[in-house]
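When a ligand or atom number is given, it counts from 1 through the structure's own listing order. Just the heavy atoms: all of them, side chains too, but no hydrogens, waters or symmetry mates, feed the values below.
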Amino acid sequence: MKIPISLTVNGDKFELLVAPTRKLVDVLREDLGFTGTKKGCGEGECGACTVLMDGEPVSSCLVLAPQAHGKTVVTVEGLESENGELDPVQESFMSKGAIQCGYCSPGMIMTSKALLKLNPHPTEEEVKDAISGNLCRCTGYQKIVDAVLDASEKRGR
Ligand code: FES
Ligand code: FES
């Protein structure tokens with residue numbers, strides 16, 4: 001049995017039929033083609049699949065697709081402006097060398113976006129706390145923290 005759902009992703013509305021146990025991360029990646037969202041552990045441990053749902057960061061591997069019915073989802077693809085400019089957080093991740101293999105980056109960036117919306121000028125400790133659910137195998141985290149702080153400073157200019 002499949003269930004009809006409708007959701008808005010990056011400003012576009014989608015209607016589709018999904019199995020009740022299908023995960024939002026799989027719908028985003030496989031059905032809708034938003035492969036910027038990564039799937040790591042698939043069980044809520046790594047944060048690679050983080051997207052914003054109604055403005056809140058969620059692990060999309062822990063959200064069943066029917067739970068996203070009627071919701072507004074933003075993935076990393078949704079951060080780019082209409083004229084193709086990167087979001088300031090994306091720019092800071094690049095300029096601060098916070099991206100190596102890049103697998104964690106979309107999740108890190110979406111978590112950082114949520115933090116900066118709630119707390120535009122976080123302390124280093126607050127940044128570390130915010131990204132504590134996002135695992136990175138490559139960077140040692142400091143450059144990611146530096147990038148979030150850099151994005152925060154840009155907002156203040
Ligand atoms: S893939 Fe969702 S938390 Fe790891
Ligand atoms: S840059 Fe490779 S996992 Fe973070």
Shortest non-hydrogen contact from Ala151 toward Leu116 = CB-CD1, 4.0 Å
message = Students should be able to answer this: which protein heavy-atom is nearest to atom 3 (S) of ligand 1, and at what distance?
response = Gly47 N, 3.2 Å
Only heavy atoms of [X], strictly under 4.0 Å: list the atoms of ligand 1 that pass.
X: Glu45; answer: 3 (S)
X: Cys41; answer: 1 (S), 3 (S), 4 (Fe)
X: Gly44; answer: 3 (S)
X: Cys46; answer: 1 (S), 3 (S), 4 (Fe)
X: Gly42; answer: 1 (S), 4 (Fe)
X: Cys61; answer: 1 (S), 2 (Fe), 3 (S)
X: Cys49; answer: 1 (S), 2 (Fe), 3 (S)

Atom pair CG (Leu149) and OG (Ser92), whose distance is rounded to the nearest 0.5 Å = 9.5 Å
Which atoms of ligand 2 are found less than 4.0 Å from any heavy atom of [X]?
X: Arg137; answer: 3 (S)
X: Gly102; answer: 1 (S), 2 (Fe)
X: Cys138; answer: 1 (S), 2 (Fe), 3 (S)

request  = Measure the distances from the heavy atoms of Ser105 to every atom of ligand 2 and state whether one is below 4.0 angstrom.
outcome  = no
message = Looking only at side-chain N and O atoms, does Glu125 offer a donor or acceptor that is under 3.5 Å from a partner on Thr123?
response = no
key: Identified side chain to side chain contact (heavy atoms under 4.5 Å, CB included) counterpart of Phe93 within the set Ile109, Asp146, Asp87   = Ile109
key: Glu30 bridged to Lys39 by N-O distance under 4.0 Å   = no
[X] side chain to [Y] main-chain N or O, any donor-acceptor pair under 3.5 Å?
X: Thr111; Y: Gly107; answer: yes
X: Thr139; Y: Lys143; answer: no
X: Ser6; Y: Phe14; answer: no

task = Using 2.8 Å as a strict upper limit, say whether an N, O or S atom of Cys104 approaches atom 2 (Fe) of ligand 2 that closely.
result = no
ask   = Does Cys136 put an N, O or S atom under 2.8 Å from atom 2 (Fe) of ligand 2?
value = no
request  = Indicate if Val51 and Leu115 have the same hydrophobic cluster label, given that clusters are the connected sets of ILVMFWY residues with side-chain heavy-atom separations under 4.5 angstrom.
outcome  = no
